[in-house]
Amino acid sequence: MRISLICRGLGFGLGLGFLAAACTPSGPQTETSSEGDSESCQPGSLNCVCEANGCDPGLVCASGYCVEDSNATDDVTLTTSSSMPTTATETEPGTTDPTEGSMTTETPQCSDGPGLSQQCPETAPYCLAEGVCADCSALTSCADIDAATPACDAASGLCVECTASDASACGGNTPVCDPDASACTSCVAHEQCPSGACNIATGACFEDALWVDRQAACDGDGSEEAPFCEIQDAIASLATDTPTLVRVRPAPSPYKTKIDVGSNLIVAIVGEGGAPAIDVDQDALLVNDDARVYLKGLRFVGSSMAAGNGLVCLNAEVWTDSVEFSSRESVAIDAIGCTLQIQRSRVYANPGGGIKIDKGKTRLENTFVTSNGGNFSQYAGVHVVSGGELEIVYTTIIGNNSDANADSIHCSDPGPVSLRNVVLFGQSPATSVSCDGATASDSIVDSDLLAGRNVTVEAAAQSAWFKDAASGDFHVKAGAPFAEQGRWRTGDPAVDYDGDPRPDVDLSPDWAGADRLP
């Protein structure tokens with residue numbers, strides 16, 4: 001199809017719209033007046049349009065003009081006057097260059113590579129050896145650009161210290177990758193370490209390991225293939241300058257040898273494939289001056305009247321995670337001048353009492369302290385003396401008993417004592433708490449001596465609040481009045497005793513106590 005039009009020098013606009021304003025059609029057409037009437041299209045008219053079936057035989061109406069009926073893809077022939085531009089780059093004064101403001105699709109070029117470039121855009125910040133800009137995905141290796149940032153972050157296109165899939169640069173006291181910051185950071189939980197044990201005080205992961213298996217022959221060397229047969233055999237082999245992980249396999253019968261951790265040793269004793277039982281007459285575990293001990297996934301139990309303390313700590317550090325102390329005839333945990341961090345643990349049914357703190361600092365978190373002591377016991381739940389400092393967060397203290405001291409918390413010349421997000425009930429409101437200066441918040445308790453911000457005082461706990469209180473199981477049930485008594489704050493644990501997630505939003509309501517419903 002070929003259209004013959006005579007175009008006058010009225011300026012060269014974009015598209016085909018200029019044709020109706022500047023060209024005289026060569027076929028029969030009509031002109032639409034301002035009143036909408038159709039008239040004959042006169043040569044030179046500015047508003048020529050053809051109507052449907054309004055063209056002569058052999059012509060069709062196309063784009064408002066009567067044209068020959070042939071292929072719609074044929075060229076349009078334009079006859080131009082001398083005033084029309086003759087090249088694509090030549091324009092009339094006052095008209096717009098069709099390419100002005102258009103985007104280029106060419107690859108950015110650079111000359112200051114290879115490496116991070118000052119000439120490249122933010123979306124492609126690296127200059128390759130070929131002289132083109134690209135993001136980190138085009139690099140052979142981020143480490144070749146900067147050994148300190150060996151990982152490529154696909155989201156930003158930048159080389160960074162680490163990503164969730166590449167933490168090769170992390171180690172030492174910063175072994176864990178924070179994917180939000182793309183930076184290496186310290187471990188704060190055992191689960192963050194490949195070995196399963198974190199030296200939380202320093203932020204490093206334990207690496208060197210010894211193995212213990214009670215079912216093995218007792219002539220082993222501590223390797224996985226030839227493990228020691230008692231935990232104490234592994235402890236006795238430790239050097240003071242080598243933090244060591246001791247992996248303990250569970251066995252049909254409990255470990256029976258007292259564990260004595262010497263001064264200045266750093267060790268993590270971790271249950272491997274279950275929670276091995278440690279049942280030792282007299283004291284089960286002694287931690288001496290300036291030692292640091294991490295306990296995880298263990299059970300310190302007692303089966304005889306000779307069972308002494310579960311743990312004795314003397315001027316040292318002890319961190320527990322998922323550890324049970326039960327049925328010990330003496331107080332389960334006896335700490336003198338120690339730093340104790342007891343989390344996600346259970347201190348249950350120890351006739352000699354639960355926890356005794358003499359000087360030092362203790363933090364209880366996500367822990368059950370329940371059913372300790374008895375009618376003739378000197379100690380019950382938690383006993384603090386001689387300036388000992390105590391912080392209790394997300395902990396359930398309930399059902400403890402003593403005829404000599406208070407049931408839940410008893411203090412004599414303590415340091416600071418604070419409770420937050422706590423469930424606390426003794427044998428009665430009158431015998432539950434005796435602790436001058438103790439403060440409480442966001443808790444439910446039976447003693448008005450702990451009244452404070454957002455503290456609810458109830459005279460007694462109801463068995464219907466708990467899963468099986470008669471058997472010592474104080475996991476919560478729906479309908480308990482402390483469902484929204486607690487308040488989660490930044491820095492609080494991310495999970496509860498069982499690992500169920502907590503709100504993780506500052507000041508969000510949460511279950512008080514060690515347990516929450518998912």
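For reference, positions follow the sequence shown, starting with 1. This is a predicted model, so every value here is computed, not measured.
- Side-chain contact, T185 with D178: no donor N or O sits under 3.5 Å from an acceptor N or O.
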Kindly indicate, with the supporting measurements, whether the criterion disulfide bond (SG atoms under 2.5 Å apart) is fulfilled by C170 and C162. CA-CA 7 Å; C170 299; C162 66; 3.9 Å; no

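- Between the CG atom in D504 and the CG atom in D510 there is a gap of 10.5 Å [rounded to 0.5 Å].
- For the residue pair T240 and N264, no side-chain donor N or O sits within less than 3.5 Å of a side-chain acceptor on the partner.
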If you apply the rule side-chain contact (heavy atoms from CB on, under 4.5 Å), what do you find for R502 with N366, and how did you get there? CA-CA 11 Å; R502 294 200 180 274; N366 278 335; 3.0 Å; yes

Give the intermediate values and the outcome of side-chain contact (heavy atoms from CB on, under 4.5 Å) for residues V331 and N350. CA-CA 7 Å; V331 64; N350 296 281; over 6 Å; no

Are R292 and W319 close enough, and set up right, to give a side-chain contact (heavy atoms from CB on, under 4.5 Å), and what steps lead you there? CA-CA 8 Å; R292 185 186 308 135; W319 308 62; 4.1 Å; yes

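- Side-chain contact check for F425 versus W465: some heavy-atom pair is nearer than 4.5 Å.
- Between L139 and C152 the shortest side-chain heavy-atom distance does not fall below 4.5 Å.
- In this structure, the separation between CZ on R346 and CZ on F368 is 8.0 Å, given to the nearest 0.5 Å.
- Using a 4.5 Å cut-off on side-chain heavy atoms (C-beta onward), D334 and R328 make no contact.
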With disulfide bond (SG atoms under 2.5 Å apart) as the criterion, how do C187 and C205 come out once you've worked through the C-alpha distance, each side chain's angles and the decisive distance to 0.1 Å? CA-CA 7 Å; C187 65; C205 290; 4.3 Å; no

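- Using a 3.5 Å distance cut-off with no hydrogens or angles, the side chains of S471 and D473 do not pair a donor with an acceptor.
- Here the CG atom belonging to L298 is positioned 7.0 Å from the CD1 atom belonging to I269, to the nearest 0.5 angstrom.
- Two residues are said to be in side-chain contact when any heavy atoms from C-beta on lie closer than 4.5 Å; I235 and V267 meet this criterion.
- Put simply, the side chain of E317 never gets that close to the backbone of Y294: no donor and acceptor are under 3.5 Å apart.
- Minimum heavy-atom separation, D498 to R344: C-NH2, 4.0 Å.
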What's the verdict on side-chain hydrogen bond (donor to acceptor under 3.5 Å, both in side chains) for S432 and S408, showing C-alpha distance, side-chain angles and the deciding distance? CA-CA 5 Å; S432 184; S408 302; 2.9 Å; yes

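- In this structure, T395 contributes its side chain and I392 its backbone to no donor-acceptor pair below 3.5 Å.
- Checked by atom type and distance alone, the side chain of Y126 never pairs as donor or acceptor with a backbone atom of I145 at under 3.5 Å.
- Residues P503 and S508 share a closest heavy-atom pair of CB-CB, 3.6 Å.
- A side-chain donor-acceptor contact under 3.5 Å links D146 to the backbone of A148.
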C218/C229 under disulfide bond (SG atoms under 2.5 Å apart): CA gap, chis, key distance, verdict: CA-CA 5 Å; C218 290; C229 66; 2.1 Å; yes

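- Residues C411 and V417 form a side-chain contact, since some pair of their non-hydrogen atoms from C-beta on lies under 4.5 Å apart.
- Taking 4.5 Å as the limit, some side-chain heavy atom of L295 sits within range of a side-chain heavy atom of F300.
- For residues 469-518, no pair satisfies disulfide bond (SG atoms under 2.5 Å apart), with sequence neighbours left out.
- Using a distance-only test at 3.5 Å, with no hydrogens or angles considered, a donor-acceptor pair links the side chain of D407 to the main chain of Q427.
- Side-chain contact check for S303 and D279: at least one donor-acceptor pair (N or O, by modelled atom type) lies under 3.5 Å.
- In terms of modelled atom types and a separation under 3.5 Å, the side chain of E389 and the main chain of P416 share no donor-acceptor contact.
- Here the CH2 atom belonging to W211 is positioned 4.0 Å from the CD atom belonging to E272, to the nearest 0.5 angstrom.
- Between the side chains of N405 and S402, not a single donor N or O lies within less than 3.5 Å of an accepting N or O.
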Using salt bridge (Lys or Arg N to Asp or Glu O under 4.0 Å), reason through R489 and D442 one step at a time and then give a plain yes or no. CA-CA 11 Å; R489 286 173 167 77; D442 306 324; 2.7 Å; yes

Step by step, would you call Y255 with Q232 a side-chain contact (heavy atoms from CB on, under 4.5 Å)? CA-CA 10 Å; Y255 290 86; Q232 179 56 27; over 6 Å; no

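- Smallest separation of non-hydrogen atoms from K477 and A464: CD-O, 3.7 Å.
- N288 and D260 are linked by a side-chain donor-acceptor pair at a separation below 3.5 angstrom, with hydrogens and angles left out of the test.
- For E484, the CD atom is loosely surrounded, since the number of other residues' heavy atoms within 6.0 Å does not exceed 12.
- Judged by distance alone, the side chain of S377 and the main-chain N or O of A380 form no donor-acceptor pair under 3.5 Å.
- Between C110 and C133, the gamma sulfurs sit at a distance of 2.5 angstrom or greater.
- S195 and L245 get closest at one heavy-atom pair: O-CD2, 3.6 Å.
- The shortest heavy-atom contact between P150 and S168 is CG-OG, 4.2 Å.
- Under the 3.5 Å distance criterion, the side-chain polar atoms of K359 are left unmatched by any main-chain donor or acceptor of C338.
- Residues C136 and C142 come closest through the heavy atom pair CB-SG, 3.8 Å.
- Here the straight-line distance linking atom CG of D500 with atom CG of D515 works out to 7.0 Å at 0.5 Å rounding.
- Counted within 6.0 Å of NZ on K256, heavy atoms from surrounding residues, nucleotides or ligands total more than 12; the atom is thus considered enclosed.
- In terms of modelled atom types and a separation under 3.5 Å, the side chain of N372 and the main chain of V347 share a donor-acceptor contact.
- The structure places CG of D290 at 6.5 Å from OG of S263, a figure rounded to the nearest 0.5 Å.
- A heavy-atom distance below 4.5 Å is not found between the side chains of V476 and V423.
- Listed for the Y394 side chain is no donor-acceptor partner under 3.5 Å among the backbone atoms of D496.
- Residues E191 and K296 meet the side-chain proximity criterion, which asks for heavy atoms closer than 4.5 Å.
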